[in-house]
A.B. asks: 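I am attaching a structure below and will ask some questions about it afterwards.
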Amino acid sequence: MAQHSIDMLFEGAVKFKEEDFENYKTLFENLKEGQNPHTLFVGCADSRVVPNLITNTLPGELFVVRNIANIVPPYRKADEYLATTSAIEYALLELQVENIIICGHSHCGGCSALYEEEHFTKMPNVSNWLKLLDKVKEQVLALKPKTKTMRSYLTEQLNIEQQIANLFTYPQVKEKYLARTLNIYGWHYIIESGEVYSYDFKKHEFNLIKG
């Protein structure tokens, strides 16, 4: 099975060069000197979430940051290696993106794991990473959801709200947002339906994006 999977990837690389690349050859030629993405997309590392597919965008349009549970750690300077924080910092200050989308999704394993701590005893780094969602977990438990489905739904959406709040701790975000030179969105992507719900900052609710 493993060999079959890797064979598919090698075949895919050949197919990309012979077919897909040729279709966008001019685009890639224009991109060779650098990138100018208009949007920073912060999404979950979940294999079912494909940013360019969801947004119908081409190479060069999105600067993508992905991690478990689409977390935006509060901004800080540190001697440790801050992958997500440095990528967001780069997008904001170097690439000068116009939009930021924080995209959570249905059936998120990271969000579910908040209530299954024993499952990660052999994954200390994952367990430690998810501590960033302790506040979200407290909020959800306080609401006393009646089912696991409702608990997951609330966790995923409250998590998006929390990451938006964390984003405002980054340099220049508040200033850019208030000056309307930076747009910020929270999306909740539903895997089984293809629907995307966008966060309404005024009403504090998620509404279906319609054509």
Side-chain angles (χ1 to χ4, degrees), residues 1-3 5-6 8-9 35 37 39-55 62-95 97 100-143 145 148-171 173 184-191 199:
M1 180 63 181
Q3 185 60 48
S5 297
I6 197 64
M8 288 177 59
L9 296 182
Q35 60 174 324
T39 299
L40 165 62
F41 186 102
V42 181
C44 185
D46 193 300
S47 61
R48 300 167 295 178
V49 179
V50 186
N52 288 95
L53 191 62
I54 296 171
T55 59
L62 300 182
F63 188 76
V64 179
V65 177
R66 300 180 68 173
N67 59 49
I68 295 174
N70 44 273
I71 293 174
V72 175
Y75 185 78
R76 68 203 187 284
K77 297 178 182 179
D79 292 331
E80 57 183 308
Y81 305 105
L82 309 178
T84 296
T85 301
S86 60
I88 295 172
E89 183 181 71
Y90 186 81
L92 285 165
L93 304 180
E94 177 64 23
L95 298 178
V97 293
I100 299 177
I101 296 173
I102 298 176
C103 183
H105 66 94
S106 63
H107 312 287
C108 178
C111 288
S112 297
L114 297 179
Y115 311 98
E116 302 168 2
E117 296 178 10
E118 67 285 351
H119 184 69
F120 292 93
T121 54
K122 295 183 179 180
M123 291 179 268
N125 291 300
V126 175
S127 181
N128 191 53
W129 176 253
L130 291 175
K131 287 180 182 178
L132 289 166
L133 299 187
D134 282 349
K135 184 177 180 180
V136 173
K137 180 180 178 179
E138 291 175 6
Q139 290 177 309
V140 173
L141 292 178
L143 293 171
K148 282 188 176 182
T149 299
M150 181 55 69
R151 186 180 70 184
S152 296
Y153 189 82
L154 286 171
T155 305
E156 290 154 6
Q157 294 201 342
L158 287 174
N159 178 37
I160 295 166
E161 291 187 55
Q162 181 60 55
Q163 304 323 312
I164 291 174
N166 289 350
L167 184 61
F168 277 94
T169 67
Y170 282 67
V173 169
I184 298 174
Y185 304 93
W187 282 9
H188 189 206
Y189 166 56
I190 310 302
I191 291 173
Y199 182 64

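Note that the numbering runs from 1 along the sequence shown for the chain.
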A.B. asks: Can you label the angle between the Trp187 ring and the Phe41 ring as parallel, tilted or perpendicular, going by 30° and 60°?
C.D. replies: perpendicular
A.B. asks: Look up atom OH in Tyr153 and atom OG in Ser106, then write down how far apart they are to the nearest 0.5 Å.
C.D. replies: 10.0 Å
A.B. asks: With a 4.5 Å heavy-atom cut-off, do Thr84 and Val42 have their side chains touching?
C.D. replies: no
A.B. asks: Working to the nearest 0.5 Å, report the span between CG of Leu40 and CG of Leu95.
C.D. replies: 9.0 Å
A.B. asks: Might you point out which heavy atoms bring Arg66 and Cys44 nearest each other, and give the distance in Å?
C.D. replies: NE-O, 2.9 Å
A.B. asks: Between Ile6 and Leu9, is any pair of side-chain heavy atoms under 4.5 Å apart?
C.D. replies: yes
A.B. asks: Locate the shortest heavy-atom distance separating Gly186 from Ile160; write the atom from each residue and the value.
C.D. replies: CA-CG2, 3.6 Å
A.B. asks: Is the side chain of Asn159 donor-acceptor paired with the backbone N or O of Ala69 at a distance under 3.5 Å, no angle test?
C.D. replies: yes
A.B. asks: Would you say Thr55 and Thr39 make side-chain contact, with heavy atoms under 4.5 Å?
C.D. replies: no
A.B. asks: Could you tell me whether the side chain of Leu82 reaches within less than 4.5 Å of the side chain of Arg76, counting heavy atoms only?
C.D. replies: yes
A.B. asks: Tyr75 and Val173: side chain to side chain contact (heavy atoms under 4.5 Å, CB included), yes or no, with the steps?
C.D. replies: CA-CA 11 Å; Tyr75 185 78; Val173 169; over 6 Å; no
A.B. asks: Is any side-chain heavy atom of Ser152 closer than 4.5 Å to one of Cys108?
C.D. replies: no
A.B. asks: What's the shortest heavy-atom distance between Lys137 and Leu114, and which atoms?
C.D. replies: NZ-O, 3.0 Å
A.B. asks: Which atoms form the tightest heavy-atom contact between Asn70 and Gln163, and what is the distance?
C.D. replies: O-CG, 3.4 Å
A.B. asks: I'd like to know whether Leu62 forms a side chain to side chain contact (heavy atoms under 4.5 Å, CB included) with Ile101, so could you lay out the CA-CA distance, the side-chain angles of the two residues, the decisive distance to 0.1 Å, and finally the verdict.
C.D. replies: CA-CA 10 Å; Leu62 300 182; Ile101 296 173; 5.9 Å; no
A.B. asks: Within a 6.0 Å radius of atom CE on Met150, are there more than 12 heavy atoms belonging to other residues, nucleotides or ligands?
C.D. replies: no
A.B. asks: Find the distance between CD (Gln35) and CD (Glu94) and round it off to the nearest 0.5 Å.
C.D. replies: 9.0 Å
A.B. asks: Has Arg151 got a side-chain atom pairing as donor or acceptor with Ser112's backbone, closer than 3.5 angstrom?
C.D. replies: no
A.B. asks: Taking all heavy atoms of His107 and all of Glu156, pick out the closest pair and write down the distance.
C.D. replies: N-OE2, 3.0 Å
A.B. asks: Given side chain to side chain contact (heavy atoms under 4.5 Å, CB included), test Gln162 with Leu133 step by step and report yes or no.
C.D. replies: CA-CA 8 Å; Gln162 181 60 55; Leu133 299 187; 5.6 Å; no
A.B. asks: Determine the minimum heavy-atom distance between Tyr189 and Arg48, stating which atoms define it.
C.D. replies: CE2-O, 4.0 Å
A.B. asks: How about Pro74 and Asn166: do any of their side-chain heavy atoms sit closer than 4.5 Å?
C.D. replies: yes
A.B. asks: Side chains of Ile102 and Tyr199: does their closest heavy-atom pair fall under 4.5 Å?
C.D. replies: no
A.B. asks: Rounded to the nearest 0.5 Å, what separates atom CZ in Phe120 from atom CG in Leu130?
C.D. replies: 6.0 Å
A.B. asks: Distance from Lys135 atom NZ to Glu161 atom CD, nearest 0.5 Å?
C.D. replies: 10.5 Å
A.B. asks: Check the pair Leu92, Ile100 against side chain to side chain contact (heavy atoms under 4.5 Å, CB included), reporting the backbone distance first and the verdict last.
C.D. replies: CA-CA 9 Å; Leu92 285 165; Ile100 299 177; 3.7 Å; yes
A.B. asks: If you define the side chain from C-beta out and look only at heavy atoms, does anything of Ser127 sit under 4.5 Å from Thr121?
C.D. replies: no
